[in-house]
Amino acid sequence: MNYDFLRIEQDWQEAWENGLKYKVEEVEGKPKFYILDMFPYPSGAGLHVGHPLGYIASDVIARYKRHKGFNVLHPMGFDSFGLPAEQYAIQTGQHPALTTKANTNRYRDQMKKIGFSFDWSREIMTSDPSYYKWTQWIFGRLFQAWFDRDAGKARPLSDLVTAFETNGNFSVNPACDDNWFKGLDMSLFPHFGENFAGTFTATDWNSFNKAQKSVLLMQFRLAYLADSEVNWCPELGTVLANDELKDGLSVRGGHPVEKKKMRQWMMRITAYSERLLSGLDDVNWTDSIKEAQKNWIGRSEGVVVKFRTSTGKSLKVFTTRPETIYGVSFIVLAPEHELVRELTTEANHQVVEQYLIVSGRKSERERQGDKEVTGVALGGSVLHPLTGNEIPVYIAEYVLIGYGTGAIMAVPAGDERDWKFAKHFNIEIPAIFDGFDTDLGVCSDDTAILKGSKDLNGKSKKDAITAAIEILESSGHGEKRVNYRLRDAVFSRQRYWGEPFPICYVDDIPQLIEDKLVNLPSVDAYLPTADGEPPLARAAKEDWPVFKGDRMETNTMPGWAGSSWYFLRFMDPHNSEAFCDRSKSDYWGQVDLYVGGAEHTTGHLLYSRFWTKFLNDMDLIGFDEPFKTMINQGMILGRSSFVYRVKGTSKFVSFEKRKEYQVQRLHVDVNLVDNDKLDLEGFKAWREEYADAVFILGDDGTYTCGHEVEKMSKSKYNVQTPDELVEKYGADTLRCYEMFLGPLTQSKPWDTQGISGVHNFLRKFVRLVSSAEDKDASVEELRIVHKTIEKVSSDLERHAFNTVVSAMMIAVNELGGLKESCSNSALKDLVILLSPYAPHLAEELWKEVGGEEFVIDAVWPEADSQYLVADEVTYPVSFNGKVRFKLTLPADTPADEVETIARLDENTLKHMDGREIHKVIVVPGRIINIVG
RNA sequence: GCCCGGAUGGUGGAAUUGGUAGACACGUCAGACUUAAAAUCUGAUGACCAAACGGUCGUGCGGGUUCAAGUCCCGCUCCGGGUACCA
């Protein structure tokens, strides 16, 4: 039998499809396994060889679990809203839906050719109205919800309204901005007056009109509108992301960019900070990802300390080092801090304004990149709460408005940045650490003893913190607080190709449009309007499939909206009554294994955890972490090939002789190179300029190329699409090879050099089966097969995909080396082991060895322990750790007997050469070590 | 700077709890088959010394623990990724 992979793969893909082999339904009583890949954005370039890496791994596990009797859910879909399609639409005028359709078709075809066991009947696309209808619906739930801090969970907004109606906001504790009441438009609430501190009574509430209630409720919704600063580029008429900026100019076109406050939809993810942190204990992810999320959430415990300003107001600072309170010699505010103008004296007015202009022009990223000490004194001061000393106030870029209270108490003796700042502005550095001259440098010793700190003198950091908190709290100057670095997420995009919001405005009050899908309207161009409104503002009233109120919301949702809940939709993809029927999500539950790149750590993985927790709070699903176990595959790098052109000629010299000439190194398409040997004719035909190339060959008569590992990229001609490899070697070879490359989680170079070895292995397998006979299996065969069953099963359980291929190679080599031909019965088990990796070939061989039905449904074999134990053990005998000779003994020889035999062996006597044996260590079954 | 990974032959990698370092594969070399090539098969292949038996060295570097270290501990170097004036 020949290995005709093209025919085999086509036949079986058809057979599976005709038999609906990968269609899956809930089956009561059968254990489920939900295995999911991070779904791709369908770009115009098609799938490259790096994409399938994770998909193959998950497919191997999906098929393995199927063999093990699980009901396996293994779906695939597309994250199909996104910028590239919109960019293309701007250039060509083609509707992004069309581009997206073409691209998804290509991706699907490519994936089908690789033989994945995806249930394509469950395919979803985030840009499909039947899908984003539910993204809008979930947004609606978030809009109609608040987070009850006392209960630690989200609740329907109606509960909050009831609370307000009965007791104002006195007896509820909703998650909100600390200063929510400061941002209110007070003209709406004339009777609150200037000193409004954020409390209102039931009588107040009940007297409010619709607009007033709407504004107040907006402060507590989980999806809410707020003014947020964006990078506005007037020239382009659009908002730019941080990566689209450089040196205060837009990357595209180099136009000036300014900060602008814009009314934007936000997601109150910060309400979930604590649960997002503690939930990490319940998932089986790598420590590095958990660590990154922890850092991103950035929990820190500290104290908010109040300082009284010279103008009589209270200035709050957040500190994690309250014990250094006596070392405070100045205060620094973020330039945007609300008290800046108030604390600026006449004399300093001009320099302060100057500083505000300069820092205001910089992007956040630039400000943070600048290591130079900058800042100015305001002239105003505050009083130290414990000493009563007058303390000057500065502004500086290194203090961020968005973190803590936007103000710090500077302790130059204990903080590097404060120290530099003090030195730069010649500010006093109070000495508060015993035995440290902090005029010379910062004290970073945690065991340092405090001095010059009144009640705290003589204490070390840990004790002093407790004492300082006690002092500050009891005197009313401070209170403990847990602070998070995590910020609420901006949920608006000024783009066309995203989910429209199910929101309209009536008298400027946002209204949720329920029970109606808000479809994207058609527009004449995908650009912002002349006055900077998002593209959707181009749609006239009649262009909107659904139009309500005075006007529709014209922002769209960000890329992460659809991907935050797609794993739920796969469970019930065609439901038009609900986002996902509860009985389905109860059956399938959490994703048991999630496979994808680590680059989504602080985006997708955090947002989908947030939405999952929310949906769980609303009792819409029964679990509160989406992804139980996760594997992150590594990056694939490209192996580029080079030719060497003799300068100024069209002569090309082979790698080994390149140093004899003056040469230019040029990238050459890797498809023209096989094992570093250049296809000369192919090269000439590649490009016109090489048509008359002349080659200076190596001594072996071939042209050898140079090579280097670098990022896989079109411009480096090192991109490999799976298509070519599937054509040349077959999908089964590609699947095995991608797994054989190395550990899945490590990033590694893509190099097709080794692919022939894997292809060879499959051919050897074919030959082995062709020559097999119907007869009883020999003990030798069974030993090999059962050893392999054991190895393959345990490797799959620990997700070691690469060593499985090696183990099967070894089995094939060993079986092929036996004197007798193999028996079909022994090979049957081996074919099942092969099927997760090379499913097409396994089906074909399954027929050969007399298997019934489809191999993909065969029961995974169990290793029989009687074939795993060897009769004999070959002990390496080492002397002081160095192996000198081998000793073969019956496997059941007791340890003391092994020792006696080893001691008396003539080789031992020779090696000891008359020296005395001090000690003999026998590790049964493993090693003997003689010390002497 | 901080956090997280990683470093093993010419190459990708294996060694799962401390127990024969280099499995498996590529490449290279030699051989068989062949008019020849391809395909296939067999053998060799970490470095150094040796005709051979065998020996010495060897898992980024320097120390340490241990009968025994790629694996554990301490201190570094380099590479990759993430993140950043976070109070």
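The chains referred to below are lettered A, B, ... by the order of the sequence lines, with proteins before strands, and numbering in each begins at 1.
Nearest nucleotide to the Pro743(A) side chain, out of U16(B), G13(B), G55(B): G13(B). Counting only heavy atoms from C-beta on, Lys764(A) has its side chain closest to A25(B) among C67(B), A87(B), A25(B). Side-chain proximity of Lys882(A) to the nucleotides C67(B), A87(B), C57(B) is greatest for C57(B). Of all nucleotides listed (U16(B), U83(B), A25(B)), U16(B) comes nearest to the side chain of Arg798(A). In the set U56(B), A25(B), C3(B), the nucleotide with an atom closest to the side chain of Asn295(A) is C3(B). Listed candidates were A87(B), U56(B), A84(B). Nearest to the side chain of Trp296(A) is A84(B).
If you measure from atom NZ of Lys748(A) to atom C1' of G5(B), you get 14 Å, rounded to the nearest angstrom. Regarding Asp751(A), its CG atom lies at a distance of 17 Å from the P atom of A25(B), rounded to whole Å. The distance between atom CG of Leu280(A) and atom C1' of C3(B), rounded to the nearest whole Å, is 15 Å. What separates CG of Leu606(A) from P of U83(B) is a distance of 13 Å, to the nearest Å. For the pair Asn813(A) CG and A14(B) C1', the interatomic distance rounds to 15 Å; values are reported in whole Å. As rounded to whole Å, 18 Å separates atom C1' of C24(B) from atom CD of Glu738(A). Straight-line distance from the CG atom of Asn632(A) to the P atom of C4(B): 16 Å, rounded to whole Å. Atom pair Phe421(A):CZ and A87(B):P shows a separation of 18 Å (rounding to whole Å applied).
Straight-line distance between the C1' atoms of A52(B) and C73(B): roughly 44 Å, to the nearest whole Å. For G6(B) and G60(B), the P atoms lie 13 Å apart once the distance is rounded to whole Å. Atom name P, nucleotides U40(B) and G54(B): the rounded distance is 35 Å, in whole Å. Rounded to whole Å, the C1' atom of A37(B) lies 16 Å from the corresponding atom of A32(B). A distance of about 44 Å separates the C1' atoms of C78(B) and C41(B), rounded to the whole Å. For A25(B) and U45(B), the P atoms lie 15 Å apart once the distance is rounded to whole Å. Of the C1' atoms belonging to C49(B) and G58(B), the separation is 15 Å, rounded to the nearest Å. Nucleotides G64(B) and C53(B) place their C1' atoms 37 Å apart, quoted to the nearest Å.
The shortest distance between the side-chain N/O atoms of Arg767(A) and the OP1/OP2 oxygens of C41(B) is below 4.0 Å.
A salt bridge does not link Lys910(A) with Glu906(A): none of the charged nitrogens is closer than 4.0 Å to a carboxylate oxygen. A salt bridge links Arg321(A) with Glu323(A): at least one charged nitrogen is closer than 4.0 Å to a carboxylate oxygen.
Nucleic acid contact for Asp287(A): none, since no nucleic acid atom lies under 4.0 Å from a heavy atom of the residue. Lys791(A) comes within 4.0 angstrom of a nucleotide base, judged by non-hydrogen atoms across all strands. Residue contacts shown for Asn760(A) are limited to sugar-phosphate atoms, with no base heavy atom under 4.0 Å away. Among the atoms of the strands shown, only primed sugar atoms or phosphate atoms (P, OP1, OP2) are found under 4.0 Å from some heavy atom of Asn802(A). Heavy atoms of Arg299(A) sit nowhere under 4.0 angstrom from any nucleic acid atom.
Ring-plane geometry between His384(A) and Tyr326(A) is classed as parallel, the angle between the planes falling under 30 degrees on a 0 to 90 degree scale with a further cut at 60. Using cut-offs of 30° and 60° for the angle between ring planes, the Phe425(A) and Phe421(A) rings count as tilted.
In this structure, G81(B) is classed as anti because its glycosidic torsion departs from zero by more than 90°.
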| field | Dot-bracket summary - RNA chain B, pairs being Watson-Crick or G-U whose distances fall under 3.5 Å, with | when paired to another strand | value | (((((((..(((......[....)))((((((.......))))))((((....))))..(((((..]....))))))))))))....
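In this structure, the side chain of Lys748(A) engages the main chain of Gln746(A) through a donor-acceptor pair within 3.5 Å.
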Exercise answer: donor-acceptor pairs, residues 916-932 of chain A side-chain atoms, under 3.5 Å, sequence neighbours excluded:
residue   : atom : partner   : partner atom : Å
Asn929(A) : OD1  : Ser878(A) : OG           : 2.9
Asn929(A) : OD1  : Asn880(A) : N            : 3.4
Asn929(A) : OD1  : Gly881(A) : N            : 3.1

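For the pair His337(A) and Leu315(A), the minimum side-chain heavy-atom distance is below 4.5 Å.
Looking at residues two or more places apart in sequence or on another chain, you find a ring-ring contact (aromatic ring centres under 6.0 Å, His included) between Trp560(A) and Phe491(A), Tyr607(A). Remark: Phe879(A) pairs with His911(A) by the ring-ring contact (aromatic ring centres under 6.0 Å, His included) rule, at least two apart or across chains. Considering only residues two or more places apart in sequence or on other chains, Phe740(A) meets the ring-ring contact (aromatic ring centres under 6.0 Å, His included) condition with none of them.
A distance of 6.0 Å or more separates the ring centres of Trp296(A) and Tyr484(A).
Toward the 5′ end of RNA chain B lies the nearest nucleotide of Gly757(A), the other residue of the pair Thr320(A) and Gly757(A) mapping further downstream. The residue among Ile289(A) and Thr405(A) whose nearest nucleotide of RNA chain B lies closer to the 5′ end is Ile289(A).
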Just the table, please: protein N/O against nucleotides 17-23 of chain B N/O, every pair under 3.5 Å.
residue : atom : partner   : partner atom : Å
G19(B)  : O2'  : Arg926(A) : NE           : 3.3
U20(B)  : O2   : Lys886(A) : NZ           : 3.2

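When all heavy atoms are compared, the tightest approach of Leu472(A) to Pro322(A) is CD1-CB, 4.2 Å.
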